[in-house]
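Single-structure report; data block below.
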Amino acid sequence: MKKNFLAILVIVFLSGCATPKTSLQHAITGSWVDKDGYEIQFFPEGKGFIPGVQGKIPDSEFTYTVTDEQHIEIIFQGSKNNIGISIVNDTLTWRDSLGEIVYTRKPE
């Protein structure tokens, strides 16, 4: 009986240590577009995609990690960047060293 109790206790403890999806991880998932029509897509498994713009920029992929409820770390073209993120309703505000970009969730 003691062994069963200890095994259950260990399982409960380990499941509590698993990294759950944060609310930012859930909220950021989807496609977003800025006022100029540039799009960025976040997938739930920590990957993202920026569709290219003909004659301007090629398609680009990146990986991201939610570091806390207000920041993500993006690895894009071998460079690691920390980005401030806030999401209110269908508006995502992106803050980095270059300034701020506001995106709106793209309807599916």
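The analysis underlying the following values was restricted to heavy atoms, covering all of them including side chains, and did not include hydrogens, waters or symmetry mates. Note that the numbering runs from 1 along the sequence shown for the chain.
No continuous path of ILVMFWY side-chain contacts below 4.5 Å connects W32 to F49, so the two sit in separate hydrophobic clusters. Side-chain heavy atoms closer than 4.5 Å link hydrophobic residues (I, L, V, M, F, W, Y) into clusters, and following such links, even through other members, never connects I74 to V33. There is a path of hydrophobic side-chain contacts, each under 4.5 Å, that joins I83 to Y103.
You'll find the side chain of V102 stays beyond 4.5 Å of the side chain of L92, heavy atoms only. Considering only heavy atoms from C-beta on, Q25 comes within 4.5 Å of V66 through its side chain. Side chains of I72 and T67 form no contact here, defined as non-hydrogen atoms less than 4.5 Å apart.
Looking at residues two or more places apart in sequence or on another chain, you find a salt bridge (Lys or Arg N to Asp or Glu O under 4.0 Å) between E39 and K106.
Atom CD of Q70 has 12 or fewer heavy atoms from other residues, nucleotides or ligands within 6.0 Å.
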Item to check | Residue pair Y64, F42: steps toward the ring-ring contact (aromatic ring centres under 6.0 Å, His included) verdict | outcome: CA-CA 8 Å; Y64 73 95; F42 292 92; 5.1 Å; yes
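Taking both residues in full, the closest heavy atoms of Q41 and P51 are given as NE2-CG, 3.9 Å, listed atom of the first, atom of the second, then distance. Taking all atoms of both residues into account, the shortest heavy-atom contact from S23 to E69 is OG-OE1, 2.5 Å.
Within the structure, the side-chain hydrogen bond (donor to acceptor under 3.5 Å, both in side chains) test picks out no pair touching residues 53-63 (sequence neighbours left out).
No side-chain donor-acceptor contact under 3.5 Å links T91 to the backbone of I87. A donor-acceptor pair under 3.5 Å links the side-chain atoms of D34 to the main chain of D36, judged by distance alone.
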Mind listing the side-chain donor-acceptor pairs of residues 94-101 below 3.5 Å, one per line with the distance, residues two or more places apart or on another chain?
| unit_1 | atom_1 | unit_2 | atom_2 | d |
| --- | --- | --- | --- | --- |
| W94 | NE1 | D96 | OD2 | 3.0 |
| R95 | NE | E100 | OE1 | 3.1 |
| R95 | NH1 | S86 | OG | 3.3 |
| D96 | OD1 | L98 | N | 2.8 |
| D96 | OD1 | G99 | N | 3.2 |

